[in-house]
Amino acid sequence: MEGTSDSQDPLVIQDLAEAAQAHDNSGSEVSDCNKSTETLSLNPAGSPVETPPPLQPEPKVPNNMSSVKNEPSTASGALDPNESQEDVGSTVIEENMQGWEGNSEKKLSDSDIGRTSHPKKLVSSSKCCQGLMRKNYDLPENPTRTELLRYAFTCPPHGRVGDLLIWIITGLAAWGCLISITGDQALPGGNFFSLIVLYIMAILGGEAVQLLGLPSLLGSLLIGIFFRSIPGLNVIGSNIDFQWSATLRGVALVIILIRAGLGLDPVALKKLSFTVIRLAFAPCIVETLATAVAAWLLLGLPWSWGFMLGFILAAVSPAVVVPSLLKLSEEGYGVEKGIPTLVIAAASIDDVLAISGFSVLLGLTFAEGSPTWTILKGPIEIFVGIMYGVIFGVLCWYLPYREKKNRPMYKLIILLVLGCLALFGSQKAALESAGAIGVLTVAFVAGLGWRKPETEDPEVEDYYKSIWGYVMPLMFSLIGSEIDVVAINPDTIGWGLLMLLICLTLRVITSFIVVMGGDFNIWERLFIAIAWLPKATVQAAIGSKALDHVRLTNGSKEDITRGEQVVTIAVMVILVTAPIGAAAIKLTGPKLLAKIPSVQRSPDDPETTV
């Protein structure tokens, strides 16, 4: 048979058709059709010759199976000779895929009947958790309290909720460490556990009282009284070791004295020197004398105990007076005549005088030895305290040196350590009066050198202010825990209130009189006398020092009773004068003092740098 390149052998075509039909029926070699294609050509002699497939990309099954060629056969029913085996394999794949899809859809529809509930719960839970995320919560422009509360608890933790979690986790971890180290002392009924509970509740009590517009120290003081007087709660107050309590209150006293020494501004004292001295000394001395006489007449206390009580009660509270006057100063009240500066500077000197006088009387009251030593002990202790303060205060001018990194922090540490050494070291050396005087002197002398431009570090006072914010709740709660309301003698409360009324009246009158020589009108003098009422800080710091000394030295039962009376009256004066004085300053300041606009105040105004 002769044929050209276009001619094809009918026998070969028939064989190809039969092979394709057999391949379609078996369906076992579908994958072989996708690997390669074969093209057949005939040589001029008509014999079939197999040619190798060209190097082309592997054919892909089209997405639309209907687009695959499936041309109808010729009239004789045979395959189109131009149709390759690739078309045959594609047709087979299409049929099989359609079958697989139908079976999978059928199985999926059958299984969905019992499986849809669990995925829906997961999706619902996921949406609920997503709603708690802060990034998915859109806070309105003017949110309500409910919306703010909900936003506060979104995740991750932030704001006050985040701070609370930090303190909770840190506190629990610290408590666990304390239990591991001290054992029963950190468990309920132990000393450390009682201190921790008292401190936490004192902070919360202070925050609650501040919401009422009162000083936070009152809340801490009341918490201490509750934990000593209320049945059930008194387990906390009674389990606190008195030596630990005395030591912690001693550290608080050191911080108070350092702040007082650093706060004595020589410029302000020089500007208002005579008026400041009169206001600081006269009311303090008059109230001390009146208290000593009243304590001897009404309470039967010895003269030495009466004068100790007088110096305790005579001190003004910087914790109440200073913030109140600074707020008035910021608003421009009394700034023109320097009234806030006058009162703040005089309050610092008043505290120095009261603490120094109390320390001297404490040493004289419990002095042991010959009468000559008793007489000389007071001046010797004062001299020792001043010399200690001057020597180490001058040393602080040069250490830490100017180039030292974090110099304010080192100043804070070295001054705190020197203050603690002065206070507790003097107790070991039986020179109690020298301790407080030494702390005051070293802080004042160091402050003089630190005010120079090349060594000035105002951050030091800010650090001590921050530390005081943490120490104050503990100090006031500890002094409150010394008061058992049930065990107080009613005569102590009655005569004590009468004594306070007499002494405070004399103090107000004296304060009004001593500022008459200045350039103040009658209403400004009245405000200064009112601002001289609040008492809290010094009373809490030294109110129980005499009682602590008697306990540590195993004093007589009579001295313990006197010490308890002194502590009771010191707490009473805080509860009476602190809220009344703070409210009186806040209410009378805008009415009795002249106000200047803030635009008239210059940066060099002393009121802006108090």
Side-chain angles (χ1 to χ4, degrees), residues 128-181 186-188 192-224 226-227 233 236 248 251-252 255-256 259 319-320 322-323 326-327 330 406 408-409 412-413 416 458-478 480-481 536-537 540 582:
C128 180
C129 294
Q130 289 294 328
L132 296 176
M133 301 302 293
R134 180 153 43 109
K135 64 181 181 179
N136 298 326
Y137 185 81
D138 296 330
L139 193 65
E141 184 176 354
N142 296 318
T144 62
R145 290 186 178 181
T146 304
E147 292 171 338
L148 289 174
L149 183 62
R150 180 182 176 186
Y151 179 76
F153 286 93
T154 54
C155 295
H158 59 96
R160 292 187 176 181
V161 175
D163 294 340
L164 181 61
L165 289 176
I166 291 174
W167 284 109
I168 290 176
I169 294 174
T170 306
L172 291 177
W175 185 30
C177 295
L178 201 59
I179 293 175
S180 304
I181 297 172
L187 294 175
F192 293 139
F193 179 83
S194 300
L195 287 173
I196 292 172
V197 173
L198 184 66
Y199 181 64
I200 294 174
M201 295 306 298
I203 294 175
L204 297 178
E207 294 290 336
V209 169
Q210 273 189 321
L211 297 177
L212 303 177
L214 298 174
S216 61
L217 56 89
L218 288 177
S220 302
L221 181 65
L222 292 175
I223 288 294
F226 292 159
F227 276 99
L233 297 178
I236 300 296
L248 292 173
V251 174
I255 295 174
I256 293 173
R259 292 190 66 192
V320 179
V322 173
L326 287 179
K327 186 175 182 180
E330 292 173 356
N406 298 324
M409 183 60 64
L412 165 72
I413 295 173
L416 181 61
E459 297 89 347
V460 178
E461 294 188 36
D462 295 336
Y463 289 156
Y464 274 106
K465 182 179 179 181
S466 301
I467 294 174
W468 172 245
Y470 292 102
V471 172
M472 182 180 65
L474 182 61
M475 186 185 71
F476 279 93
S477 60
L478 287 175
S481 65
T537 312

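This structure is a prediction, so every number in the text was calculated from the model and none was measured.
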Please report, to 0.1 Å, the donor-acceptor pairs under 3.5 Å made by any side chain of residues 170-178, with sequence neighbours excluded.
unit_1	atom_1	unit_2	atom_2	d
Thr170	OG1	Ile166	O	2.7
Trp175	NE1	Ala186	O	2.7

Show me the side-chain donor-acceptor pairs of residues 204-218 shorter than 3.5 Å, one per line, residues at least two apart or across chains.
none

For residues 193-202, which side-chain donor-acceptor pairs fall under 3.5 Å, sequence neighbours excluded?
unit_1	atom_1	unit_2	atom_2	d
Ser194	OG	Gly190	O	2.9
Tyr199	OH	Tyr470	O	2.9

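Taking CG of Leu164 as the reference point, atom CD1 of Ile169 lies at 9.5 Å (rounded to 0.5 Å). With values rounded to the nearest 0.5 angstrom, Met475 atom CE is found 10.0 Å from Leu221 atom CG. Interatomic distance, Phe153 CZ to His158 NE2, rounded to the nearest 0.5 Å: 9.5 Å. Atom CG of Leu222 and atom OG of Ser477 lie 11.5 Å apart (nearest 0.5 Å). Summarising the geometry, atom CD1 belonging to Ile203 is positioned 10.0 Å from atom CE belonging to Met472; distances are rounded to the nearest 0.5 Å.
Contact detail for Ala252 and Trp468: the closest heavy-atom pair is O-CZ3, 4.2 Å.
In this structure Thr537 satisfies the side chain to side chain donor-acceptor pair (under 3.5 Å) test together with Ser317, sequence neighbours excluded. Listed by chain and number, the residues in a ring pair (Phe, Tyr, Trp, His ring centres under 6.0 Å) with Tyr463 amount to none (sequence neighbours excluded). Not counting sequence neighbours, the partners of Ile413 by the side-chain contact (heavy atoms from CB on, under 4.5 Å) test are Met409, Val417. With sequence neighbours excluded, the residues forming a side-chain contact (heavy atoms from CB on, under 4.5 Å) with Leu148 are Leu139, Pro143, listed by chain and number. Remark: Trp167 engages no residue in a ring pair (Phe, Tyr, Trp, His ring centres under 6.0 Å) (not counting sequence neighbours). Under the ring pair (Phe, Tyr, Trp, His ring centres under 6.0 Å) criterion, Tyr464 pairs with no residue, sequence neighbours left out.
Atom CG of Asp163 has more than 12 heavy atoms from other residues, nucleotides or ligands within 6.0 Å.
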>> If you apply the rule side-chain contact (heavy atoms from CB on, under 4.5 Å), what do you find for Leu416 with Ile255, and how did you get there?
In response: CA-CA 7 Å; Leu416 181 61; Ile255 295 174; 4.3 Å; yes

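Between the side chain of Ser466 and the backbone N or O of Asp462, at least one donor-acceptor pair lies under 3.5 Å.
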